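For reference, positions follow the sequence shown, starting with 1. Since this is a predicted model, take the numbers as computed values, not measurements.
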Amino acid sequence: MQDKANILLIGCGGIGTISALNLETGGKAAVTAVLRSNYEHVKAHGFSIKSVDHGQVEGFRPSTLRNTIPDVEKENLPPYKYIIVTTKNYPDVPPTVAEIIRPAVTPGFTRIALVQNGLNIEKPLIAAFPTNIVLSGVSFCGSHEVATGKIVHEDDDELYVGAFRNPSLNPEEEDEAAKEFCEIYGAGGKCKPEFNPNVGFSRWRKLLYNACLNSICAITDLDTGRIQLADGALDNLVRPAMEEIRAGAKACGHDLPPELVDFMITMDPITMYNPPSMQVDVRKGRFCEYENIVGEALKEGKARGVPMPTLTVLYGILKAIQWRTKERKGLVDIPAPEDHTVKK
């Protein structure tokens, strides 16, 4: 244990569970995983994992399971070298990521790895923890929790790691932390995490999928196979949105090759009929990550004079869907209905 990095992982769904499995398999990390709805099941039975990288794994448990965020100071716990956050990120729904992880952060020591989608997700973390290195993890993993404690992992785990730049920290130390994280994560040989210092490029590149295909599938309720088959969906919705992302990225200094458009569209074979994460969230009545994925891209592009008509409409629809979800969860107040059938 003394030779292993003490790692806290928050969010043990599809992506988080494969992350924990990679870390534990490599032998260079002892993972404390924070679970929510699946805590009791995993505590009793472990995870059942069907993985393209790891094969069939039964009864997997990280080194430590918790259903609460550790409070390092109050519980007198050894500090965490890394906190990995793989939860969904909803800046418009409290509590924020910074508020969630605060009790577990040791100032000046803990590195915070955000394996989450979207742009500008680091800004609240750097503001809240100015002496801590914040890392970016861009994941292409294709892993889902299909039932409580049951994980299906269909796409090879690709993880691109770099450091979000904090102007008050040494960039060389930030890069070394990212490289060390890659070494620990890939030590088991089941995946090859890649150090990629160009964090902006990695994140805009994934937005071709997430801001466009992911969000359009959520709105239309057509999975990635059916969206390719549906009349006009690619040419009238997906491709225009992707070209707007390419234009926004270029304005921000990141030139995404045009061939990436077709690559992202066909990344999932048609007959996989894969519902992407945002579509699954909407189907299940959960919040969706529209703000960081579509809203921030829109904000960055428009600030640089890039026309984004398709993304503007997608953002408006997703914001309305999010409001509907908030209403159903009792988070918004609306006037009580009145009887308008009788004139006064």
Item checked: Main-chain N/O of G14 paired to S143 side chain as donor or acceptor, under 3.5 Å -> yes
Note to self: Run the ring-ring contact (aromatic ring centres under 6.0 Å, His included) test against F47 and tell me which residues pass, sequence neighbours left out.
What the structure shows: none
Check: Can you tell me how far the CD1 atom of I270 sits from the CD atom of Q228, to the nearest 0.5 Å?
Finding: 4.5 Å
Item checked: Separation of M242 CE from T310 OG1 (nearest 0.5 Å) -> 12.0 Å
Check: Can you list the steps and then say if V161 with Y185 is a side chain to side chain contact (heavy atoms under 4.5 Å, CB included)?
Finding: CA-CA 10 Å; V161 182; Y185 192 94; over 6 Å; no
Note to self: Take a 6.0 Å sphere around NZ of K326 and say whether it holds more than 12 heavy atoms from other residues, nucleotides or ligands.
What the structure shows: yes
Item checked: NZ/NE/NH1/NH2 to OD/OE distance under 4.0 Å, D156 and K190 -> no
Item checked: Validation row: D281, T325 side chains within 4.5 angstrom (heavy atoms) -> no
Notebook entry, point to check: Distance-only, no hydrogens or angles: does the E244 side chain make a donor-acceptor pair with backbone N or O of L311 under 3.5 Å?
Noted result: yes
Check: If you draw a 6.0 Å radius around CZ in R36, do more than 12 non-hydrogen atoms from other residues or ligands fall strictly inside?
Finding: no
Note to self: Determine whether a donor-acceptor pair (N or O, by modelled atom type, separation under 3.5 Å) exists between the side chain of R61 and the backbone of V42.
What the structure shows: yes
Notebook entry, point to check: Donor-acceptor pair, T86 side chain versus V115 backbone, under 3.5 Å?
Noted result: no
Margin query: To the closest 0.5 Å, what do you measure between CG (N210) and CD1 (I245)?
Written below: 10.0 Å
Note to self: For the CG atom on D231, are there more than 12 heavy atoms of other groups (residues, nucleotides or ligands in this structure) within a distance under 6.0 Å?
What the structure shows: no
Check: Can you check whether V52 reaches D155 side chain to side chain, under 4.5 Å on heavy atoms?
Finding: no
Notebook entry, point to check: Run the side chain to side chain contact (heavy atoms under 4.5 Å, CB included) check on M264 and L213 step by step: do they pass?
Noted result: CA-CA 8 Å; M264 290 295 179; L213 205 57; 5.7 Å; no
Next item on the list: Look only at the side chain of E327 and the backbone of L331, and say whether a donor-acceptor pair between them is shorter than 3.5 Å.
Entry: no
Margin query: Taking atom CD as the centre, does E259 end up with more than 12 heavy-atom neighbours from other residues, nucleotides or ligands that are less than 6.0 angstrom away?
Written below: yes
Notebook entry, point to check: Any donor and acceptor pair, going by atom type alone, linking the side chain of E289 with main-chain N or O of N89 inside 3.5 Å?
Noted result: yes
Item checked: Residues forming a side chain to side chain contact (heavy atoms under 4.5 Å, CB included) with T148, sequence neighbours excluded -> N38, H41
Check: Could you walk me through whether E24 and F60 pass the side chain to side chain contact (heavy atoms under 4.5 Å, CB included) check?
Finding: CA-CA 10 Å; E24 295 278 6; F60 168 70; 4.1 Å; yes
Next item on the list: Return the orientation label for the Y290 and Y315 ring planes: parallel under 30°, perpendicular over 60°, tilted otherwise.
Entry: tilted
Notebook entry, point to check: Heavy atoms, side chains only, cut-off 4.5 Å: are D157 and S139 in contact?
Noted result: yes
Check: Would you say E180 and R111 make side-chain contact, with heavy atoms under 4.5 Å?
Finding: yes
Check: Does a donor on one side chain and an acceptor on the other come within less than 3.5 Å for N214 and Q279?
Finding: no
Note to self: Would you compute the distance between atom CG of L260 and atom CE of M267 and round it to the nearest 0.5 angstrom?
What the structure shows: 10.5 Å
Notebook entry, point to check: Looking at A241 and I216, what are the two nearest heavy atoms and their distance?
Noted result: CB-CD1, 4.4 Å
Next item on the list: With the side chain counted from C-beta on, respond yes when P276 and T224 share a heavy-atom pair under 4.5 Å apart, and no when they do not.
Entry: yes
Note to self: If we ignore hydrogens and angles and just use 3.5 Å, is the side chain of E174 paired with the main-chain N or O of R165 as donor and acceptor?
What the structure shows: no
Notebook entry, point to check: How close do G248 and M308 get, heavy atom to heavy atom, and via which atoms?
Noted result: CA-CE, 3.7 Å
Margin query: Looking at every non-hydrogen atom in both residues, tell me the closest pair between W204 and L256 and how far apart they are.
Written below: O-CD1, 3.8 Å
Next item on the list: Scan L23, L21, N22 and name whichever one has a side-chain contact (heavy atoms from CB on, under 4.5 Å) with T25.
Entry: L21
Next item on the list: Give the minimum heavy-atom separation between V34 and P70, together with the two atoms involved.
Entry: CG2-CD, 4.1 Å
Margin query: Within the supplied structure, the quantity of interest is the number of heavy atoms (other residues, nucleotides, ligands) at a distance under 6.0 Å from D333 CG; does it exceed 12?
Written below: no
Check: Can you check whether C212 reaches L314 side chain to side chain, under 4.5 Å on heavy atoms?
Finding: no
Check: How far apart are the C-alpha atoms of K50 and Q56, what are their side-chain angles, what is the distance that settles it, and do they pass the side chain to side chain contact (heavy atoms under 4.5 Å, CB included) test?
Finding: CA-CA 5 Å; K50 183 179 180 181; Q56 188 70 40; 3.6 Å; yes
Next item on the list: Over all heavy atoms of both residues, which pair between I7 and A29 is shortest? Give the atoms and the distance, please.
Entry: CD1-CB, 3.6 Å
Item checked: Distance (rounded to the nearest 0.5 Å) between Y39 OH and T68 OG1 -> 8.0 Å
Check: Do K179 and E176 meet the salt-bridge criterion of a basic N to acidic O distance under 4.0 Å?
Finding: yes
Next item on the list: Check whether any side-chain N or O of Q322 sits under 3.5 Å from a backbone N or O of C288 as a donor-acceptor pair, and report yes or no.
Entry: yes
Check: Side-chain donor-acceptor pair under 3.5 Å between N117 and Y209, yes or no?
Finding: no
Margin query: Just verifying a value: how many Å separate I10 CD1 and I69 CD1, rounded to the nearest 0.5 Å?
Written below: 4.0 Å
Item checked: The single option from R205, E194, Q116, R203 passing side-chain contact (heavy atoms from CB on, under 4.5 Å) against V138 -> R203
Item checked: Qualifying ring pair (Phe, Tyr, Trp, His ring centres under 6.0 Å) pairs with a residue from residues 89-128, counting only residues at least two apart or across chains -> Y90-F287
Notebook entry, point to check: Is any side-chain heavy atom of N166 closer than 4.5 Å to a side-chain heavy atom of V134?
Noted result: no
Margin query: Show every ring pair (Phe, Tyr, Trp, His ring centres under 6.0 Å) that has at least one partner inside residues 140-164, sequence neighbours left out.
Written below: none
Note to self: Test of understanding: with side chain to side chain contact (heavy atoms under 4.5 Å, CB included), list the residues that count as partners of E73, not counting sequence neighbours.
What the structure shows: D71
Margin query: Just so I know, are the side chains of N6 and P79 near enough to count as touching, which here means a heavy-atom distance under 4.5 Å?
Written below: no
Checklist line | All pairs passing side chain to side chain donor-acceptor pair (under 3.5 Å) where residues 293-309 contributes a residue, at least two apart | finding: N120-E296, N120-E300, E296-K299, E300-R304, K302-T312
